[in-house]
Every structure is written in structure tokens, then in C-alpha cells.
Trainee: 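Can you read through this structure? Questions will come right after.
Given the structure is predicted, the values throughout are model-derived calculations rather than measurements.
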Amino acid sequence: MSKLGTRIAGVAAAAVMAFAGQAVAQSAPDTVAAIRARGTLVCGVAINSAGFALPDSRGEFRGLDVDTCRAVAAAILGDATKVRFAPNTTVQRFPMLQSGEIDILVRNTTWTLGRESSLGLAFAGINFYDGQGFMVRRSAGVTSARQLDGATVCVQPGTTTELNLADYFRTNRMRFTPVVIESVEEIRAAFVSGRCDAYTNDASSLASFRATQQDPNSFLLLPELISKEPLGPVVRKGDWRFFDIVRWSLFAQIAAEELGVTSANVEEMQRTSSNPDIQRLLGRTGDLGRSMGLDNDWAVRIIRQVGNYGEMYERNITPIGIPRGVNNLWNNGGLHYAPPIR
């Protein structure tokens with residue numbers, strides 16, 4: 001090829017690459033702009049999960065996942081109440097996020113490699129460390145999952161729960177008959193009515209269900225946890241500014257608990273604290289908020305309106321009988337740990 005031909009080919013290739021890059025840039029969603037234009041964050045949550053997402057007597061959603069959504073709204077819109085909650089099933093949740101019907105999914109959803117690599121979605125953090133367990137009726141006299149050989153087990157389809165169930169019984173050379181039901185209300189009704197011997201789900205979900213029953217003591221959570229289930233907020237890949245805001249909103253709450261910053265003292269801490277970490281977190285020094293397209297009071301709004309992580313946990317999870325355990329901070333025997341906010 002002549003030098004002129006080589007030069008033309010190079011220019012053409014560069015033009016194609018530039019066009020492709022422009023197309024990718026244009027196709028990337030701008031979720032933050034859409035949220036601001038709408039004036040509301042649209043958050044996908046569970047339909048009925050006490051402690052995580054459940055309407056109260058006035059129809060207002062309450063729970064840890066609900067508060068995680070509200071923290072993001074406080075950061076972006078300045079008001080934690082500006083959230084529209086979109087309850088969904090396990091089958092609906094990912095298509096709703098992929099299609100843009102919801103901005104964010106915070107729905108007892110386990111972070112896995114397969115989900116992150118194949119669905120076009122990214123997990124922005126972990127708001128609850130969980131594990132899959134089993135619940136039985138206390139009257140059955142079963143005290144261990146190893147006694148469930150030959151049992152019928154209620155399970156939801158299209159979940160990591162279904163896969164873990166099969167793996168556990170196969171590994172332990174036990175037999176079981178799955179009773180597969182999509183609707184969480186129907187699956188719980190099937191278990192209560194005796195259609196299945198055991199109900200398997202994340203231990204948090206089982207505890208949530210038990211807490212809503214007329215006689216919670218008639219149901220027993222078996223001691224075995226058969227999986228690791230890190231649960232957290234999910235967003236679409238490609239919109240990394242929104243991803244950063246979601247991730248660091250959660251980290252801000254975890255860091256606030258570690259630093260002793262609460263909803264009650266956050267404004268005083270912002271004015272008077274000499275701790276450099278607190279000053280950066282609360283925007284007194286540095287320009288961290290603006291680096292994410294927010295103002296520097298973003299974390300103050302989250303903590304004042306929603307609270308730190310410990311406040312969220314005590315308000316939502318402690319009442320349903322789940323101790324902090326691994327959901328404590330790293331310096332109190334748990335796994336929660338925020339990277340440096342600096």
C-alpha cells in the first residue's frame with residue numbers, strides 16, 4: 001500500500017473509532033439528570049419484606065432497603081422523601097432495572113459474578129450480609145437442616161436460593177422435592193398451610209416473615225446457613241456517575257457510624273469537629289461532593305435525614321430479631337468497612 005493509502009486508511013480508522021466512542025458516550029444513560037428532571041428517584045424494592053421494605057399503617061414504605069434508597073435521594077435531590085417505590089417480584093426485578101423502568105434496585109438481591117457479568121448491571125455495595133437458611137414449623141420436631149432428607153421445600157424460582165438449595169441437598173446426598181412458587185405471598189401461604197415441610201430463603205427474609213405472623217414462636221429458624229448472600233443496591237452499567245453516588249452514599253453512612261456522627265449531632269459535628277476525617281465527610285474541607293456532581297453537603301443531608309448505618313439497622317432490622325453479627329462494623333467484629341473518604 002502507498003504512503004498516501006496508508007495515511008487515508010489510518011484517518012478512516014481513527015474516524016470510525018471516534019464515531020464508535022461518540023456512539024457509546026451518547027448511549028450511556030444519564031440517570032442523575034433523569035432523576036433531577038423528574039424530581040423523584042424510582043427505586044425497586046420487595047413487595048412485602050418486614051425490616052427491608054414494607055408499607056406501614058399509613059402506606060409509607062419502611063425498611064433498610066427503603067432507607068438505602070432514601071439516602072441516594074437525599075444526596076441527589078436534597079430530600080430523602082423524594083422516592084417513588086416500585087415493588088417487584090424476583091422475576092420482574094432485573095428486567096425492570098435493565099429497561100429503565102426503575103433507577104435503582106434495592107431488593108434483598110445477592111451480588112454474584114454471573115449477575116454482574118451477564119446482565120449489564122453493577123452492584124454498588126453491600127447493605128446487608130446475609131446467608132440462606134431454612135424455616136420449619138416448630139411442631140415438626142426438626143432442629144437441623146440435616147434432618148430434611150426427603151422433605152418438600154418451598155422456594156422461589158429464578159433466584160440464587162433455588163440453586164443453593166439444590167447444591168446443598170446434592171452435596172449432603174439428601175433428597176428433596178421443590179415446591180416452586182414465584183409470588184412471595186403465595187409461597188409463604190403454602191408453607192403456613194403445610195404444603196411444604198420447609199421454606200428456604202435468605203435468613204433475613206425468613207426472620208422478616210416470622211415477625212409478621214400472629215404466633216412467631218410457632219416457626220423455627222434452623223441454625224445452618226448454607227450460603228453467603230451479600231445483598232446490596234444494583235444499578236445499570238455505563239452510568240458511572242450514578243454508580244459512584246449510590247456506592248458512596250452507603251459508604252458515607254458506614255463511615256459516619258464509625259466516626260460517631262449521627263442524625264442528632266451531624267450539624268454540630270460539621271461546625272465544630274477537628275477530626276480531619278469528619279471534616280472531609282461533612283464537606284467542611286475538600287471538594288469531594290463536587291467531584292461526583294453533588295454539592296459538598298451531600299453526606300450531611302444523608303445522615304441528618306436518614307441516619308448512619310447503625311441507626312438504619314436499629315430502626316429496621318433489630319425489631320425483627322436479627323442481631324448485628326457480621327453486619328457490625330469491622331472494628332466491632334463485623335464486616336462493614338468503608339474505604340477512606342478523602
Trainee: Just by distance, no angles: are the side chains of Glu268 and Thr272 close enough, under 3.5 Å, to form a donor-acceptor pair?
Mentor: no
Trainee: When you compare the side chain of Phe243 with that of Thr31, does any pair of heavy atoms fall below 4.5 Å?
Mentor: no
Trainee: Verify the distance criterion only: is there a donor paired with an acceptor across the side chains of Gln132 and Thr200 at less than 3.5 Å?
Mentor: yes
Trainee: Any non-hydrogen side-chain atom of Leu220 less than 4.5 Å from a side-chain atom of Val142?
Mentor: no
Trainee: Salt-bridged, Asp239 to Arg236, with N to O below 4.0 Å?
Mentor: no
Trainee: Is there a side-chain contact (heavy atoms from CB on, under 4.5 Å) between Val306 and Arg315 once you walk through the steps?
Mentor: CA-CA 10 Å; Val306 184; Arg315 179 167 61 242; 4.1 Å; yes
Trainee: Are more than 12 heavy atoms, taken from residues, nucleotides or ligands other than Arg284, located less than 6.0 Å from that residue's CZ atom?
Mentor: yes
Trainee: For the pair Thr171 (side chain) and Asp167 (backbone), establish whether a donor and an acceptor sit closer than 3.5 Å, ignoring hydrogens and angles.
Mentor: yes
Trainee: Return yes if a side-chain donor-acceptor contact under 3.5 Å exists between Asn48 and Glu185, otherwise no.
Mentor: yes
Trainee: Side chains of Val136 and Tyr199: closer than 4.5 Å at any heavy-atom pair?
Mentor: no
Trainee: Is there a donor-acceptor contact under 3.5 Å linking the side chains of Ser144 and Glu224?
Mentor: yes
Trainee: Just do the side-chain contact (heavy atoms from CB on, under 4.5 Å) check on Val153 and Asp197 with the steps written out, would you?
Mentor: CA-CA 6 Å; Val153 183; Asp197 302 311; over 6 Å; no
Trainee: Are side-chain heavy atoms of Pro233 and Phe123 found at a separation under 4.5 Å?
Mentor: no
Trainee: Judged by modelled atom types alone, do Thr109 and Arg93 share a side-chain donor-acceptor pair under 3.5 Å?
Mentor: yes
Trainee: For Asp202 and Asn108, does a side-chain donor sit closer than 3.5 Å to a side-chain acceptor?
Mentor: no
Trainee: Are Phe191 and Phe219 near enough that their ring centres are under 6.0 Å apart?
Mentor: yes
Trainee: Determine whether Leu225 and Leu206 fall in the same hydrophobic cluster, where Ile, Leu, Val, Met, Phe, Trp and Tyr are linked whenever their side-chain heavy atoms lie under 4.5 Å apart.
Mentor: no
Trainee: So do Trp330 and Glu258 actually touch side chain to side chain, heavy atoms under 4.5 Å?
Mentor: yes
Trainee: State, with a plain yes or no, whether a side-chain heavy atom of Tyr337 is found less than 4.5 Å away from one of Asn331.
Mentor: no
Trainee: Check for me, please, whether Leu294 and Val32 land in the same ILVMFWY cluster - side-chain distances under 4.5 Å, paths through other members count.
Mentor: yes
Trainee: With a 4.5 Å limit on heavy-atom distance, are the side chains of Val234 and Glu116 in contact?
Mentor: no
Trainee: Just checking, Arg324 and Tyr313: is the charged tip under 6.0 Å from the six-membered ring centre and within 45° of the axis?
Mentor: yes
Trainee: Do Val266 and Leu282 pass the side-chain contact (heavy atoms from CB on, under 4.5 Å) test, and can you show the C-alpha distance, the side-chain angles, and the key distance before you say yes or no?
Mentor: CA-CA 8 Å; Val266 60; Leu282 304 184; 3.9 Å; yes
Trainee: For Arg195, does the CZ atom have more than 12 heavy-atom neighbours from other residues, nucleotides or ligands under 6.0 Å away?
Mentor: no
Trainee: Judged by atom type as modelled, is there a donor-acceptor pair below 3.5 Å linking the side chain of Glu162 to the main-chain atoms of Gly158?
Mentor: yes
Trainee: Heavy atoms only: give me the nearest Asn127-Asn327 pair and the separation to one decimal.
Mentor: O-OD1, 4.5 Å
Trainee: Find out whether Phe134 and Leu165 are in side-chain contact, i.e. whether some heavy atom of one side chain is under 4.5 Å from a heavy atom of the other.
Mentor: yes
Trainee: Just by distance, with hydrogens left out, do Gln253 and Ser249 show a side-chain donor and acceptor under 3.5 Å apart?
Mentor: no
Trainee: With a 3.5 Å distance limit and no angle check, can you tell me whether Arg38 reaches the backbone of Thr40 through a side-chain donor-acceptor pair?
Mentor: yes
Trainee: Does any donor atom in the side chain of Arg107 or Asn88 lie under 3.5 Å from an acceptor atom in the other side chain?
Mentor: yes
Trainee: Quick one: do the Thr262 and Asn308 side chains pair a donor with an acceptor below 3.5 Å?
Mentor: no
Trainee: Would you call Arg188 and Glu186 a salt bridge, taking side-chain N to carboxylate O under 4.0 Å as the test?
Mentor: no
Trainee: Please tell me whether Phe128 and Phe52 form a close aromatic pair, meaning their ring centres lie under 6.0 Å apart.
Mentor: yes
Trainee: Does a donor on one side chain sit under 3.5 Å from an acceptor on the other, for Glu311 and Ser263?
Mentor: yes
